[in-house]
Amino acid sequence: MPNIKSDNPLIAGKNMTHVPQPCTLVIFGGGGDLSRRKLLPAVYNQALDGELPANFAVLGFALEDMDDVSYRDFAKKGVEKFSRQAVDDHHWPDFERCLHYLQGSFDNPEVYQQMKKRLEEIEATFGIPGNRVFYLAIPPALIETCVRQLKAAGLVMPVDDVSPFSRIIVEKPIGRDLESARQVNATLCSSFDEKQIYRIDHYLGKETVQNILAMRFSNVIFEPLWNSRYIDHVQITVAEEEGVGTRAGYYDRAGALRDMVQNHILQLLTLIAMEPPWSMSADVMRDHRQSVLNCLRPITSENFDQHVVRAQYGSGFYHGEDVPGYRREDGVSQDSTTETFIALKLFVDNWRWAGVPFYIRTGKRMPKRASEIAIQFKSVPPILFNANHDQPLEPNVLALSIQPNEGLSLRIATKLPGAKLKVFPVKMDFRYGATFGEQSPEAYERLLLDVMAGDASLFMRRDMVESSWSWIDTILNTWSSSRTRWLPEYSAGTWGPLEADRLIENDNRKWRLL
Ligand code: BG6
């Protein structure tokens with residue numbers, strides 16, 4: 001199969017403004033799960049693909065008792081288990097030289113002085129001009145401590161034309177409501193300039209998510225139809241097969257609305273609903289996405305149940321095995337009212353989307369892992385091929401599959417072969433794997449390179465985080481005033497509760513079968 005990427009000069013040509021700069025990546029929580037599963041494998045894949053800057057190093061920083069040698073071993077095990085590409089034993093010894101470790105406590109000022117010294121040594125060895133990316137892969141409660149210590153140790157450089165750069169990457173959750181999100185943002189902004197802050201949402205790094213913009217704005221055929229005149233409704237599904245697993249401590253305090261909707265799903269929605277930006281620059285892109293958040297119609301307590309359904313998984317099946325219900329999972333309180341599933345109907349109140357419902361559903365312990373955005377167009381008029389009221393034609397649907405089979409498909413009506421004039425829906429399918437013949441880079445790979453290149457367009461700005469929380473808070477407030485002691489249940493391995501079906505069926509529509 002030809003390599004479409006390298007054989008095509010238009011694709012192979014790099015965008016010269018987007019070049020990852022030499023730097024040291026300092027991973028706070030470098031001995032933790034995110035580091036082992038995602039960050040170190042991401043760096044390794046970038047190295048294999050030749051995407052890293054020539055002068056680059058990693059400094060893992062955490063409490064775990066390790067040194068450079070054992071950290072390299074820890075990294076190799078993580079890469080072996082979780083990397084997109086297998087470990088190349090030829091290449092590994094050369095790669096692992098860039099991995100270093102600093103053991104210490106996040107609140108100890110002396111450790112930050114040691115960090116400074118280690119960084120200077122590493123920079124001298126690797127020819128790195130003092131640029132540093134601090135990745136906070138730590139629980140949210142530690143953000144404030146780390147940020148203040150970095151500042152106090154003189155590790156945050158000013159934003160000007162002469163200093164090396166200091167950038168900070170912050171993981172979700174940024175707060176658990178508007179007020180706490182504001183506090184986290186205030187802490188970050190007390191030590192770093194907004195231009196230095198990269199609030200990561202890994203959904204924005206997924207290949208198909210980025211393709212939403214490419215598809216909308218590099219084809220002429222979609223945009224003229226992309227409005228309430230032609231679109232009947234939009235469905236966004238993010239279904240997970242797994243249960244809460246080992247994360248009950250975090251999840252039972254969060255739930256699906258905070259864990260998935262506030263960040264990932266609202267971000268998907270902004271990409272679908274935004275106006276065409278006039279430039280790809282970070283602030284223009286984010287201004288346009290922010291405008292969508294500004295237009296979200298608040299879900300008030302009136303008609304609340306017609307717009308919001310939450311539920312919890314009960315016992316059921318996962319890959320043919322019995323699995324316990326949510327309240328029986330390790331670490332979950334037996335009277336928990338945390339939702340593991342949510343379905344929403346929402347509206348974007350602007351000219352383009354007036355009256356178009358967006359139906360959203362996400363949950364754990366669903367029948368399969370499948371994330372999709374489906375744009376369902378309006379029906380053709382009830383004449384000619386659509387004249388039979390008993391068998392209306394199925395409308396066109398553009399379905400963007402985010403995972404696991406990345407691609408897009410368009411449902412169109414065609415004539416069935418034969419003497420009779422019968423119309424039948426068929427799908428035009430595009431799959432990344434089939435066309436490009438290789439696995440797409442993982443979201444973290446792309447996003448880390450963006451930070452090294454100083455491109456914040458796929459990261460969340462302060463106002464975006466706060467606007468999302470402000471919208472989410474109205475739902476949280478209604479829930480907390482209802483003082484529910486029991487949530488509807490759905491059996492593990494099913495598509496959610498009956499109430500979720502009713503939410504969409506009351507509007508004479510149906511959830512898509514995935
Ligand atoms: C995380 C959530 O942000 O995203 C998890 O905290 C969820 O609960 C995960 O499982 C889903 O990510 P992905 O990339 O596997 O769809």
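Please read these numbers as outputs of a predicted model, since none were measured by experiment. Whatever order the structure lists ligands and atoms in, that order sets their numbers, starting from 1. These values consider heavy atoms only, across backbone and side chains, with no hydrogens, waters or symmetry-generated copies.
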Query raised in the report: Just one of R199, R167, R286 clears the salt bridge (Lys or Arg N to Asp or Glu O under 4.0 Å) bar with E194, so which one?
Result: R199

Requested in this report: Check whether more than 12 heavy atoms from other residues, nucleotides or ligands sit under 6.0 Å from atom CD of E179, and answer yes or no.
Outcome: no

Query - atom 15 (O) of ligand 1 [closest protein heavy-atom partner, distance rounded to 0.1 Å] - result: R369 NH2, 3.5 Å

Report summary line: Interatomic distance, CD1@I143 vs CG@L136, rounded to 0.5 Å, equals 6.5 Å

Report task. Going by heavy-atom distance to atom 13 (P) of ligand 1, choose the closest among M260, H264, R247, H202. Result -> H202

Query raised in the report: Under 3.5 Å, side chain of N263 to main-chain N/O of R258, donor-acceptor pair present?
Result: yes

Query raised in the report: Can you find a non-hydrogen atom of Y251 under 4.0 Å from ligand 1?
Result: no

Query raised in the report: At a 4.0 Å threshold, what atoms of ligand 1 neighbour a non-hydrogen atom of K364?
Result: 5 (C), 7 (C), 8 (O), 10 (O)

Report summary line: Near K172 (heavy-atom distance under 4.0 Å), the atoms of ligand 1 are 1 (C), 2 (C), 3 (O), 6 (O)

Query raised in the report: Is the number of heavy atoms from other residues, nucleotides or ligands within 6.0 Å of CZ (R431) greater than 12?
Result: yes

**Report entry** Q403 neighbourhood, listing ligand 1 atoms whose heavy-atom distance to it stays under 4.0 Å
**Finding:** 13 (P), 16 (O)

Requested in this report: Indicate the ring-plane relationship of Y326 and Y251, choosing parallel, tilted or perpendicular according to the 30° and 60° boundaries.
Outcome: perpendicular

Query raised in the report: In terms of residue, atom name and distance, what is the protein heavy atom nearest to atom 16 (O) of ligand 1?
Result: Y203 OH, 2.5 Å

Report summary line: One finds that the ligand 1 atoms under 4.0 Å from a non-hydrogen atom of D259 are 2 (C), 5 (C), 6 (O), 8 (O)

**Report entry** Candidates I212, L400, N211, I373 - the one meeting side chain to side chain contact (heavy atoms under 4.5 Å, CB included) with L271
**Finding:** I212

Report summary line: Counting from 1 in the order shown, the ligand 1 atoms closer than 4.0 Å to a non-hydrogen atom of K206 are 13 (P), 14 (O), 16 (O)

Query raised in the report: So, is E240 polar-close to ligand 1, with some N/O to N/O distance under 3.5 Å?
Result: yes

